[in-house]
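Hydrogens, waters and symmetry mates are skipped; everything else that's a heavy atom, side chains included, is used.
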Amino acid sequence: MDYEILKIELTGDIALVTISRPKALNALNTRFFEEMAAAIKEVSEKQDVKVMIITGEGKAFVAGADIAEMVDKDQQQGTEFSKMGQKVFSSLEKMEIPVIAAINGFALGGGLELAMGCDFRIASSKAKFGQPEVNLGMIPGYAATQRLPRLVGLGDALYLLLTADMINAQEALRIGLVQKVVEPEELMDKVMEIAKTIASKGPKAIRKVKYVSRQGMLSDFDSGSSLESEEFGSLFKNEGEEGMRAFLEKRKPNW
Ligand code: DAK
């Protein structure tokens, strides 16, 4: 696909996807969702890519769904727009490799929903977060009502969803919405460092940690634990053997 909004760069085994429509603060339109779906497919097909990073260009990560595109939609078109976004964000969760959100600025509405579809979030100290949909007489359409309570608990989620308050990075860190906050100029170096750390681990183990953890969140504890046992077992006489032998032989594993 010829990308107009996304830039995709490969650095070794790490894929960096930058959302680049800074004039509209990277607001999410139909074209974005088509490109993101294509980017997910493209990156997933590259077997040597081990981590994907998503960030935004300019002062926003993403300032929400594109209000200019949404304003004229009718009920059916609105539902379809919502389903398209939900499908793309779910496919981030379903990618085998970890996806990190590098949140450089505003992450509002659909932008925060995109960040929540990633596996974890690292924020610039200048980033701002919120679910401002009720300001527009709307509710979230890309699963914030589902992901936010699971990430931060019902009280903090409903506080954000009901007040439309914009919170800063420290507050986002306090409620567990982001995992680390760094100075703006250090953001990409830090995220790249984290991505490289992940990429250095057992590649099958990394994929299975994501898969089992995410499946577990969708099922009950016993089913999740049972899946963990199966996947744990599958690494014996496999990548796990090499990792354990390397430890005993005091050398680096050869994955
Ligand atoms: N959509 C379209 N354009 C946007 C935008 C957005 N979400 N956010 C900003 N822009 C545009 C502005 O209109 C402006 O364009 P020009 O006037 O220059 O042409 C340009 O980006 C720069 O914005 P500002 O001039 O406003 O910049 P400031 O620094 O002064 O303010 C801001 C930054 C982020 C505080 C402000 O732009 C703002 O409040 N933006 C709107 C934020 C917002 O409300 N976002 C949530 C959108 S609602 C659903 C599906 C999805 C959703 C809901 C339902 N269904 C299908 C059911 C999700 C909804 C949302 O995400």
Side-chain angles (χ1 to χ4, degrees), residues 13 15 33 36-37 39-41 43-47 49-54 79 82-101 107 110 112-122 131 139-161 172-180 194-195 197-245 247 253 255:
D13 41 19
F33 286 114
M36 187 51 98
I40 290 169
K41 187 165 180 288
V43 172
S44 298
E45 283 168 1
K46 293 187 193 301
Q47 282 307 311
V49 173
K50 293 181 176 158
V51 181
M52 185 164 108
I53 299 167
I54 301 178
T79 303
S82 166
K83 283 188 177 156
M84 174 180 59
Q86 288 185 1
K87 194 171 164 207
V88 173
F89 293 173
S90 289
S91 59
L92 285 172
E93 292 180 334
K94 288 179 188 141
M95 281 182 87
E96 291 186 4
I97 59 171
V99 184
I100 308 173
L112 184 49
E113 291 172 300
L114 166 63
M116 289 192 287
C118 299
D119 293 309
F120 59 84
R121 289 147 290 284
I122 310 296
Q131 294 291 161
I139 69 167
Y142 305 137
T145 57
Q146 305 308 304
R147 288 200 180 92
L148 196 52
R150 286 169 169 80
L151 279 176
V152 303
L154 191 57
D156 284 322
L158 283 176
Y159 174 82
L160 287 170
L161 291 162
L173 183 66
R174 187 190 71 77
I175 65 175
L177 185 53
V178 302
Q179 282 54 63
K180 275 188 198 306
I194 295 168
T197 298
I198 295 170
S200 72
K201 312 297 180 195
K204 288 184 184 154
I206 289 295
R207 289 167 186 235
K208 285 179 191 292
V209 164
K210 170 167 174 170
Y211 172 64
V212 174
S213 304
R214 287 214 167 270
Q215 283 301 116
M217 290 299 285
L218 303 173
S219 62
D220 62 277
F221 187 89
D222 287 345
S223 312
S225 300
S226 165
L227 179 65
E228 186 188 81
S229 298
E230 279 171 38
E231 296 295 345
F232 175 79
S234 76
L235 289 167
F236 286 78
K237 290 291 165 211
N238 200 317
E239 185 179 276
E241 182 178 2
E242 167 59 12
M244 291 187 276
R245 285 207 192 286
F247 174 81
W255 302 124

Heavy-atom donor-acceptor pair, Gln179 side chain to Phe120 backbone, under 3.5 Å: no
So with a 6.0 Å cut-off around CG of Leu158, is the heavy-atom count from everything else above 12? yes
Ala144 and Pro149 have their tightest heavy-atom pair at O-CD, 3.5 Å
My understanding is that only residues two or more places apart in sequence, or in another chain, count here; which of them pass side-chain contact (heavy atoms from CB on, under 4.5 Å) with Ile206? Pro98, Ile198, Lys201
Rounded to the nearest 0.5 Å, the NZ atom of Lys94 sits from the CD atom of Gln215 at a distance of 9.0 Å
Note: Val51 and Ala199 closest approach over all heavy atoms is CG2-N, 4.2 Å
Ala143 and Glu113: which non-hydrogen atoms are nearest, and at how many Å? N-OE2, 3.3 Å
So how far is it from Tyr211 OH to Ser213 OG, rounded to the nearest 0.5 Å? 11.5 Å
Measuring from atom NZ of Lys41 to atom CE of Met36, what distance do you get when rounded to the nearest 0.5 angstrom? 16.0 Å
Closest heavy-atom pair, Val212 versus Gly224, reported as atoms and distance to 0.1 Å, is CG1-O, 4.2 Å
What are the two closest non-hydrogen atoms of Val99 and Met95, and how far apart are they? CG2-SD, 3.8 Å
Salt bridge check, Glu231 against Lys208: does any charged N sit closer than 4.0 Å to a carboxylate O? yes
Measuring from Met116:CE to Gln146:CD, what's the distance to the nearest 0.5 Å? 10.5 Å
Roughly how far, to the nearest 0.5 Å, is CG of Leu112 from CD of Gln131? 4.5 Å
Below 30° counts as parallel, above 60° as perpendicular, anything between as tilted: where do the rings of Phe89 and Phe33 land? tilted
Search all heavy atoms of Leu92 against all heavy atoms of Lys210 and return the closest pair with its distance. O-NZ, 3.0 Å
Between Ile53 and Ile194, does the side chain to side chain contact (heavy atoms under 4.5 Å, CB included) criterion hold? Intermediate values first, please. CA-CA 10 Å; Ile53 299 167; Ile194 295 168; over 6 Å; no
Step through the shown structure and confirm whether more than 12 heavy atoms of other residues, nucleotides or ligands are within 6.0 Å of CZ on Arg245. no
Test side chain to side chain contact (heavy atoms under 4.5 Å, CB included) applied to Val88 and Leu114, step by step: CA-CA 9 Å; Val88 173; Leu114 166 63; over 6 Å; no
Which residues pass the side chain to side chain donor-acceptor pair (under 3.5 Å) test with Ser223, sequence neighbours left out? Asp220
Identified salt bridge (Lys or Arg N to Asp or Glu O under 4.0 Å) counterpart of Glu93 within the set Arg214, Lys87, Arg150: Arg214
Start with the C-alpha distance between Ile97 and Arg207, add both sets of side-chain angles, then the distance that settles side chain to side chain contact (heavy atoms under 4.5 Å, CB included), and finish with yes or no. CA-CA 6 Å; Ile97 59 171; Arg207 289 167 186 235; 3.4 Å; yes
For the backbone of Thr197 and the side chain of Ser200, can you confirm whether one donor and one acceptor N or O come within less than 3.5 Å of each other? yes
Do any N or O atoms from the side chain of Glu241 and from the backbone of Phe236 form a donor-acceptor pair under 3.5 angstrom? no
Pairing residues for Asp13 by the salt bridge (charged side-chain N to carboxylate O under 4.0 Å, His left out) criterion, not counting sequence neighbours: Lys50
Which value, rounded to the nearest 0.5 Å, describes the distance between Leu148 atom CG and Leu177 atom CG? 6.5 Å
